[in-house]
Number of protein chains: 2
Amino acid sequence: MSELSVQEPAASERIAAILRDEILSGKISPGQRILQEEVAERLGSSRLPVREAIRILDADGLVDVEANKGARVPHLDINQVEVLYRMRERLEPLALIESMPALTEADFERLDEIQVRIEAGVDVQAFLELDREFHLLTYSHCPTEQLRDSVTRLWNSTSHYRRAFMEITGARRMWIVNAEHRLLLEALARQDSQDAERYLVGHIQRTRKELSQHPEIFTH
Amino acid sequence: MSELSVQEPAASERIAAILRDEILSGKISPGQRILQEEVAERLGSSRLPVREAIRILDADGLVDVEANKGARVPHLDINQVEVLYRMRERLEPLALIESMPALTEADFERLDEIQVRIEAGVDVQAFLELDREFHLLTYSHCPTEQLRDSVTRLWNSTSHYRRAFMEITGARRMWIVNAEHRLLLEALARQDSQDAERYLVGHIQRTRKELSQHPEIFTH
DNA sequence: TCGCTTGTATTTGGATCCATAATTTAGTGC
DNA sequence: GCACTAAATTATGGATCCAAATACAAGCGA
């Protein structure tokens with residue numbers, strides 16, 4: 001049987017993927033409401049798969065759903081984002097330790113490629129996407145799905161504030177990030193979980209502390 | 001307007017609450033499939049709110065949804081549950097620290113009442129429910145919703161294995177748990193976050209280690 | 001007997017229509 | 001002009017019907 005379409009995803013998941021991308025890329029901002037009918041018409045489906053897509057996004061931590069009042073991208077304050085970073089500091093090392101032994105040669109090649117591209121100089125949007133792919137790729141072999149999902153949710157919830165932060169601090173910060181990524185990559189390559197964990201925690205901690213010095217990001 | 005019904009919840013949330021209870025109480029076991037039509041007929045609704053309810057349970061970490069294949073309660077292996085406990089060890093202290101300062105007199109009375117009831121001797125099911133309420137109540141004032149939700153998901157995902165464990169170890173273990181709860185309560189009462197965190201981590205760690213000595217729980 | 005294929009039954013996914021709740025707008029009284 | 005009320009609009013929630021995919025079972029062949 002030469003069926004080419006490799007398992008067409010359900011419409012609800014396709015729509016969820018589109019909306020997810022629009023939220024992560026900033027086309028939809030915190031506080032903004034998501035209207036079922038508007039999305040349905042725009043993507044050429046009925047409202048029903050959109051409703052399911054919204055529930056999927058809810059599970060992703062990308063929208064808040066309130067009964068009879070619809071879905072909107074949540075607006076977080078500085079304290080909440082700080083706690084999300086503290087959660088990252090505690091969960092991501094666990095995910096990394098679990099995933100590290102299973103990293104393949106192809107993974108390392110991709111990680112290197114990402115890093116080369118960032119260092120070659122990219123705009124904020126590209127940096128955010130590559131940085132996300134970099135870290136999530138290092139966790140991708142963690143055998144506990146709940147842990148991977150929890151980490152992904154944390155990245156989702158903080159995406160808008162990471163962008164706002166990068167737009168303020170700009171290229172200056174990328175230098176530090178690049179150095180930290182390189183240290184982390186080397187530790188991973190020599191299977192040194194101690195060092196890898198140390199660099200990762202430091203990386204997240206530093207970001208949290210710098211972020212907390214920019215409360216203007218959270219004034220809406 | 002003397003409307004008594006204090007904001008009737010949507011049917012999908014009502015159904016989700018019922019199914020959540022059935023999963024947590026063990027009426028629906030890991031591996032078991034959830035049929036939309038069966039639930040709809042049983043609860044007297046159409047399949048549509050059941051579909052939404054299943055998505056809500058997915059966000060709660062109580063079911064796995066696969067496109068065109070429906071929802072089933074996930075079956076975890078011993079390694080995954082161990083990692084879930086390690087996640088608890090890292091996240092719950094954070095939630096506790098954030099919540100502790102806001103605990104009220106009423107909360108302490110309720111915590112004490114729960115503890116008295118457990119110590120008076122209860123069956124496994126009642127113990128599980130009271131123990132869950134005890135811990136989640138100590139986190140209830142954590143201002144970061146994502147953290148509260150993450151912790152709740154961890155309790156949800158491990159509920160079946162906690163029950164299986166308690167059914168094996170029985171009343172013997174409750175003694176230790178009671179002692180640990182008392183120590184934790186006292187630390188909370190005197191606002192000693194250092195001690196509270198220490199007791200909580202020890203409590204979860206001990207449970208994880210004992211659990212990992214009963215691999216027979218996970219043979220299905 | 002075992003494996004494969006094909007047909008049937010079951011179950012999930014999506015569209016349309018209707019009901020209900022929330023929001024906005026227009027109107028009225030002060 | 002402002003506050004409150006009521007009606008109209010808008011958006012979400014639910015029921016029913018139909019389509020598509022999966023799972024199951026019987027029959028066929030080796």
Side-chain angles (χ1 to χ4, degrees), chain A residues 1-20 22-23 27-60 62-75, chain B residues 1-20 22-23 28-60 62-75 220:
Chain A
M1 194 62 120
S2 63
E3 185 57 73
L4 281 182
S5 72
V6 208
Q7 180 63 299
E8 184 99 14
S12 57
E13 293 182 13
R14 191 179 55 85
I15 294 171
I18 293 172
L19 289 175
R20 182 183 301 118
E22 291 183 350
I23 296 172
K27 281 201 272 287
I28 306 177
S29 312
Q32 197 170 333
R33 191 165 170 193
I34 294 179
L35 296 177
Q36 296 177 5
E37 188 141 347
E38 184 272 322
V39 175
E41 192 179 359
R42 185 153 59 86
L43 302 182
S45 80
S46 80
R47 273 176 45 222
L48 207 148
V50 176
R51 275 158 77 173
E52 290 234 357
I54 285 172
R55 288 296 183 184
I56 293 173
L57 296 175
D58 188 26
D60 287 344
L62 286 169
V63 302
D64 268 2
V65 178
E66 205 174 345
N68 292 320
K69 296 184 89 176
R72 58 179 66 236
V73 181
H75 209 319
Chain B
M1 189 107 82
S2 64
E3 184 56 75
L4 280 183
S5 71
V6 209
Q7 179 63 297
E8 184 98 15
S12 57
E13 294 181 14
R14 191 180 55 84
I15 293 171
I18 292 171
L19 289 175
R20 183 182 299 117
E22 291 183 350
I23 296 172
I28 305 178
S29 311
Q32 197 169 335
R33 190 167 173 194
I34 294 178
L35 297 178
Q36 296 177 5
E37 187 141 349
E38 185 272 322
V39 175
E41 192 180 0
R42 185 153 58 86
L43 302 181
S45 78
S46 81
R47 273 176 44 221
L48 207 148
V50 176
R51 275 158 78 173
E52 290 233 358
I54 285 173
R55 289 294 183 184
I56 293 173
L57 296 175
D58 188 26
D60 288 342
L62 286 169
V63 303
D64 268 1
V65 178
E66 206 174 345
N68 292 318
K69 296 183 90 177
R72 59 179 66 236
V73 180
H75 208 317
H220 52 284

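Each chain gets a letter, A, B and so on, in the order the sequences are listed, and its residues count up from 1. Quantities reported herein were computed from a predicted structural model and do not represent experimental measurements.
Donor-acceptor pairing under 3.5 Å, judged by distance alone, is present between the side chain of A:R51 and the base of D:dG14. Between the side chain of A:R47 and the base of C:dG14 there is no donor-acceptor pair of N/O atoms closer than 3.5 Å.
A straight line from CD1 of A:I54 to P of D:dA11 spans 13 Å, rounded to a whole angstrom. Distance CG (A:L43) to C1' (C:dA15): 16 Å, rounded to an integer number of Å. Atom CD1 in A:I34 sits roughly 10 Å away from atom P in D:dT12 (whole-Å rounding). Atom pair B:L35:CG and D:dC24:C1' shows a separation of 14 Å (rounding to whole Å applied). Here C:dA22 presents its P atom at 14 Å from CZ of A:R72, a figure rounded to the nearest Å. The CD atom of B:E66 sits 21 Å away from the P atom of D:dA20 (whole-angstrom rounding). The nearest whole Å value for the distance from the CZ atom in B:R55 to the C1' atom in C:dG14 is 13 Å. Between the CD1 atom of A:I15 and the P atom of C:dG13 there is a distance of 13 Å, rounded to whole Å.
Heavy-atom distances to DNA chain C give each of A:L48 and B:A71 a nearest nucleotide, and the one nearer the 5′ end belongs to B:A71. Place B:R33 and A:E37 on DNA chain D by their nearest nucleotides, and A:E37 ends up nearer the 5' end.
The CG atom of A:L19 lies 6.5 Å from the CG atom of A:L43; values are rounded to the nearest 0.5 Å. Rounded to the nearest 0.5 angstrom, A:R55 CZ and B:S12 OG are separated by 5.0 Å. Separating the CD1 atom in B:I54 from the CG atom in B:L62 is a distance of 12.0 Å, to the nearest 0.5 Å.
Here the side chain of A:R72 pairs a donor or acceptor atom with the backbone of A:G31 at under 3.5 angstrom. Checked by atom type and distance alone, the side chain of A:E13 never pairs as donor or acceptor with a backbone atom of A:A10 at under 3.5 Å.
Between A:Q36 and D:dT10 there is no side-chain polar atom (N or O) within less than 4.0 angstrom of OP1 or OP2. Residue B:K69 places none of its side-chain N or O atoms closer than 4.0 Å to OP1 or OP2 of C:dT11.
Side-chain proximity of B:A10 to the nucleotides D:dA15, D:dG13, C:dG14 is greatest for D:dG13. Among C:dG14, D:dG14, C:dA21, the nucleotide with an atom closest to any side-chain atom of A:S46 is C:dG14.
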